There are 2 protein chains.
Amino acid sequence: MKTEQRNTRVPKRDKLKSMEKLLHSVGAILQKDGYKALKAQHIAAHAKLDKKLIYNYFGSLGGLIDAYLKKNDFWKRTELLTEQAPLADLPANKVVEILKGQFTFLEHSPEMQHIILWELSEKNPLLQEILDERERFGEQLFKLSDKYFRGSAVNFRAVNALLVSAIYYIILHSRYNTNTICGIDATSKKGREQLFKSIEQIIYWCYQEAERTRNQ
Amino acid sequence: MKTEQRNTRVPKRDKLKSMEKLLHSVGAILQKDGYKALKAQHIAAHAKLDKKLIYNYFGSLGGLIDAYLKKNDFWKRTELLTEQAPLADLPANKVVEILKGQFTFLEHSPEMQHIILWELSEKNPLLQEILDERERFGEQLFKLSDKYFRGSAVNFRAVNALLVSAIYYIILHSRYNTNTICGIDATSKKGREQLFKSIEQIIYWCYQEAERTRNQ
DNA sequence: GTTACAAGTCACCGTCCGTTGACTTATAAC
DNA sequence: GTTATAAGTCAACGGACGGTGACTTGTAAC
């Protein structure tokens with residue numbers, strides 16, 4: 001027994017493990033209570049470590065949080081959920097699928113919600129970097145749709161900017177507010193379906209209008 | 001001179017005036033620095049009064065802020081900007097005008113921006129009340145558009161929920177982030193116009209599609 | 001002017017929180 | 001085992017902030 005424990009034993013003091021525990025706790029707290037709850041004492045308690053270690057290993061509370069954000073590129077994570085193989089084309093139904101996927105993912109990811117709120121709440125170079133990376137990824141997608149919309153009356157990027165923004169706002173709004181938006185209750189199955197259907201409709205309108213105006 | 005001063009003199013100690021100063025300072029600070037800067041000391045300093053008065057007159061810091069929010073119904077203010085006389089009808093161009101008006105107003109009202117961010121950041125019964133009132137107001141507008149969309153394939157409320165939400169998010173995003181959204185820079189004249197044009201297009205699509213599907 | 005009271009001032013308390021210095025203890029090399 | 005060093009503990013500092021008690025001063029009624 002004792003020898004077995006000795007063979008498989010893990011050292012009680014392990015800097016790397018402790019660092020990971022702290023980083024992991026940042027994620028857990030961010031998910032549960034939001035960025036406002038990212039206090040040194042709180043994080044340390046969650047990791048069952050002394051908060052001093054935050055300063056030993058990451059220099060400051062901000063250093064720890066930065067390290068966490070660097071290790072976890074959420075935007076990439078979101079987008080990647082929507083595709084397995086590289087796309088060669090971007091037809092309307094694929095765009096609708098991606099947008100619905102964004103809605104559903106964000107809806108179920110309190111961590112992402114908090115990060116988006118954070119992004120709206122203060123200037124943070126690190127969050128900006130992450131946003132830039134998302135933009136770079138999005139650009140690759142739009143390259144695929146360009147052929148549908150080049151020379152048409154439709155600005156597909158602008159329409160998507162509107163729809164993505166709408167999705168973000170609606171989900172953040174629904175977290176604390178039970179109120180409807182223009183009579184739509186985004187938390188109800190019915191409301192969600194109404195929104196989804198309208199998103200779908202708008203995307204299809206884009207493709208139709210593009211075809212019409214392109215052929216002029 | 002002295003007698004004139006006596007005639008027109010204002011008392012140095014005036015509870016109501018002090019209360020108003022405090023309320024006004026809440027608005028000024030909210031506008032300049034956001035709801036996070038609503039600290040007792042900060043507000044009192046801005047009003048050039050002692051912070052004790054906040055507690056004397058409003059019971060607590062929260063009491064002061066609540067009093068401020070009750071006195072200033074922002075949502076109503078926003079919406080009312082868009083109309084002088086009661087509307088009898090809600091054609092597409094009027095809807096576009098209202099949405100563009102919302103964008104422009106919010107863009108130039110840091111106070112509103114902060115309140116929207118606040119609404120996304122925490123549960124607050126008072127903010128909920130204000131939102132409810134906005135919904136009631138919006139409902140009156142939608143009643144006017146109902147005749148265009150009843151029995152059609154278009155859910156006009158859902159489309160407007162998307163567009164209004166998009167406007168809110170985009171403006172909040174632009175406050176601290178220089179990044180584009182789907183390649184659109186909402187802070188530039190060009191980006192704004194692209195967004196405006198797409199909003200306009202979507203609204204017109206709604207009316208067209210409604211006409212088509214209604215006549216089936 | 002005197003006086004009573006409200007308006008306003010000031011120093012202070014308790015709490016939360018980021019951060020730190022000085023300490024103890026586990027680990028690994030010898 | 002001895003020892004050096006890194007890992008981890010603990011208590012405390014200092015600043016920010018909401019809130020309060022006791023004081024001073026302006027105002028208005030007499």
Side-chain angles (χ1 to χ4, degrees), chain A residues 2-3 5-26 28-30 32-69 118 121-122 124 126, chain B residues 2-3 5-26 29-30 32-69 114 118 121-122 124 126:
Chain A
K2 266 192 172 173
T3 51
Q5 263 198 340
R6 234 174 248 146
N7 288 340
T8 61
R9 105 197 145 81
V10 290
K12 284 171 193 161
R13 298 191 160 189
D14 186 334
K15 178 172 175 175
L16 266 77
K17 199 123 196 178
S18 294
M19 288 176 82
E20 274 207 26
K21 274 191 198 168
L22 287 171
L23 287 166
H24 175 262
S25 293
V26 170
I29 288 167
L30 197 50
K32 196 154 39 110
D33 307 315
Y35 74 95
K36 285 177 187 168
L38 290 176
K39 321 283 186 191
Q41 179 50 43
H42 194 180
I43 296 167
H46 185 280
K48 286 171 187 162
L49 291 169
D50 192 279
K51 63 179 172 165
K52 179 66 190 294
L53 300 182
I54 292 171
Y55 302 92
N56 287 351
Y57 300 153
F58 300 96
S60 70
L61 179 58
L64 167 60
I65 294 169
D66 285 0
Y68 172 79
L69 289 176
W118 192 355
S121 300
E122 56 189 52
N124 183 325
L126 220 58
Chain B
K2 266 193 172 174
T3 52
Q5 265 198 337
R6 234 174 248 146
N7 290 339
T8 61
R9 106 195 145 81
V10 291
K12 285 171 193 161
R13 299 193 159 191
D14 187 332
K15 179 173 174 176
L16 266 78
K17 199 125 197 177
S18 294
M19 288 177 81
E20 275 208 26
K21 273 190 199 168
L22 287 171
L23 288 166
H24 174 261
S25 294
V26 169
I29 288 167
L30 198 49
K32 195 156 36 112
D33 307 315
Y35 73 94
K36 285 178 187 169
L38 290 176
K39 321 285 187 189
Q41 178 51 42
H42 194 180
I43 296 168
H46 184 279
K48 286 172 186 160
L49 291 170
D50 193 278
K51 67 175 174 163
K52 179 67 190 292
L53 300 182
I54 292 171
Y55 302 93
N56 286 352
Y57 300 153
F58 300 97
S60 69
L61 178 59
L64 168 60
I65 294 169
D66 285 0
Y68 171 80
L69 289 176
H114 285 299
W118 192 354
S121 299
E122 57 189 52
N124 183 326
L126 221 58

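Fair warning: this is a prediction, and the values are worked out from it, not measured in the lab.
The minimum heavy-atom distance linking B/Tyr55 with B/Ala40 is given by the pair OH-CB, 3.5 Å. Considering all non-hydrogen atoms of both residues, A/Ile43 and A/Leu64 come closest at CG2-CD2, 3.9 Å. Here the shortest heavy-atom pairing between B/Trp118 and B/Ile65 reads CH2-CG2, 3.3 Å. Closest of all the heavy-atom pairs between B/Asp33 and B/His42 is OD2-CE1, 3.6 Å.
The separation between B/Ile43 atom CD1 and D/dC17 atom P is 12 Å, rounded to whole Å. Distance CG (A/Leu61) to P (C/dT20): 12 Å, rounded to an integer number of Å. Between the P atom of C/dC16 and the NZ atom of B/Lys39 lies a distance of 15 Å, rounded to the nearest Å. A straight line from CG of A/Asp14 to C1' of C/dA26 spans 12 Å, rounded to a whole angstrom. Separating the CZ atom of A/Phe58 from the P atom of D/dA7 is a distance of 12 Å, rounded to the nearest angstrom. Computed from coordinates, the A/Leu16 CG to D/dA6 C1' distance equals 13 Å when rounded to whole Å. In this entry the distance linking NZ of B/Lys17 with C1' of D/dG26 reads 17 Å, nearest Å. We find that CD of A/Gln41 is positioned 11 Å from P of D/dC10, with the value rounded to whole Å.
Checking the phosphate oxygens (OP1, OP2) of D/dG21, no side-chain nitrogen or oxygen of B/Tyr55 falls inside 4.0 Å. Listed pair B/Ser18 / C/dA7 fails the phosphate criterion, with no side-chain N or O lying under 4.0 Å from OP1 or OP2.
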Identify each atom pair where a protein N or O and an N or O of nucleotides 9-15 of chain C are less than 3.5 Å apart, giving names and distance.
{"residue": "C/dT9", "atom": "OP2", "partner": "B/Asp50", "partner atom": "N", "Å": "3.4"}

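Residues B/Asp66 and B/Phe58 are not in side-chain contact: their nearest non-hydrogen atoms beyond the backbone lie 4.5 Å or more apart.
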Let me check something: any side-chain donor-acceptor pairs from residues 45-52 of chain B under 3.5 Å, sequence neighbours excluded? List them with distances.
{"residue": "B/His46", "atom": "ND1", "partner": "B/Ser25", "partner atom": "OG", "Å": "2.8"}
{"residue": "B/Asp50", "atom": "OD1", "partner": "B/Lys52", "partner atom": "N", "Å": "2.7"}

